[in-house]
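Report on one structure; see the data block that follows.
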Amino acid sequence: MIVNAELFVNDLPGQLIGSLEPISLVNGNILGVVHNREKIIDHRICVNVTFEVDDKRLEELKDLWQSKDIVISSLGSVHETFKMDYILIGDVNAQYIESLVKKINEATTIDQISVSYSSKSIKTASHTSLISIKARYEDNLDKIDNILRKECKRSNVTYVRGV
């Protein structure tokens with residue numbers, strides 16, 4: 001599991017390393033560290049760390065931090081997202097895209113979606129849209145593909161997945 005922790009360590013030399021070492025002791029993998037020297041509470045400096053760890057070893061890690069007098073301000077899992085980009089070419093306008101996004105939102109769990117439009121082509125009178133999606137679960141990408149395939153076929157719009 002991916003975890004984000006906000007810790008407060010004593011403002012003394014070696015405390016940053018001391019807060020990270022327990023993660024390696026439970027076979028964790030550090031993904032990112034922010035040593036926030038501007039956030040000080042009771043002579044303790046904030047350290048924000050994101051790491052991967054087996055969820056069965058999380059309690060052991062918390063015990064290690066507490067034994068080192070490290071205050072755990074917050075601790076929570078970070079969920080992974082799955083990103084996919086789609087290009088739609090044809091008679092696509094804002095209303096059409098909104099209806100697609102509505103259908104996608106009703107059928108899946110989306111964390112983020114962004115849409116970019118191009119101007120109308122003079123030669124073909126078609127538009128191009130880029131839809132970038134971050135889905136909560138990988139199988140949601142299959143659901144999105146099915147929705148786009150069905151709706152684009154019905155509207156005579158070409159879509160390209162994974163650009």
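In this chain, numbering begins with 1 at the start of the sequence shown. All figures in this text were calculated on a predicted structure; none of them were measured in a lab.
Transitive grouping of hydrophobic side chains (ILVMFWY, heavy atoms separated by less than 4.5 Å) brings Leu25 and Val49 into a common cluster. The hydrophobic clustering, which links ILVMFWY residues whose side-chain heavy atoms are closer than 4.5 Å, places Met1 and Phe82 apart. At a threshold of 4.5 Å between side-chain heavy atoms, the hydrophobic network of Ile, Leu, Val, Met, Phe, Trp and Tyr places Leu31 and Leu75 in two separate groups. Following chains of ILVMFWY side-chain contacts shorter than 4.5 Å, one can reach Ile70 starting from Val47, so the two form part of one hydrophobic cluster.
Relative orientation of the Tyr86 and Tyr159 rings is tilted, given thresholds of 30° and 60° on the angle between their planes.
In this structure, Asn93 contributes its side chain and Tyr96 its backbone to a donor-acceptor pair below 3.5 Å.
By the 6.0 Å contact criterion, CG on Asp55 is enclosed, its count of non-hydrogen atoms from other residues, nucleotides or ligands being greater than 12. The local environment of NZ in Lys150 is sparse, with at most 12 non-hydrogen atoms from other residues, nucleotides or ligands closer than 6.0 Å. Taking a 6.0 Å sphere around CG of Asn29, one finds it holds more than 12 heavy atoms contributed by other residues, nucleotides or ligands.
The closest side-chain donor-acceptor pair between Asn156 and Asp91, if any, does not fall under 3.5 angstrom.
Here the closest heavy-atom approach between residue Leu64 and residue Pro22 is recorded as CB-CB, 3.8 Å. Summarising the geometry of Asn36 relative to Ile45, their closest heavy-atom pair is O-CG2, 3.5 Å, with the distance given to 0.1 Å. Listed here is the closest heavy atom pair of Ile147 and Ala107: CD1-CB, 3.6 Å. Gln15 and Asn10 get closest at one heavy-atom pair: CG-O, 3.1 Å. When all heavy atoms of Gly18 and Lys68 are compared, the pair lying nearest together is O-CD, 3.4 Å. Closest approach of Met84 and Leu141 over heavy atoms only: CB-CD2, 3.8 Å.
Using a cut-off of 4.0 Å between Lys/Arg side-chain N and Asp/Glu carboxylate O, Arg161 and Asp145 are scored as salt-bridged. A salt bridge does not link Glu106 to Lys103: none of the charged side-chain nitrogens sits closer than 4.0 Å to a carboxylate oxygen. Ion pairing between Arg44 and Asp69 holds under the 4.0 Å rule for side-chain N and carboxylate O.
Exactly one of Thr158, Ile97, Thr128 qualifies for a side-chain contact (heavy atoms from CB on, under 4.5 Å) with Leu88. That residue is Ile97.
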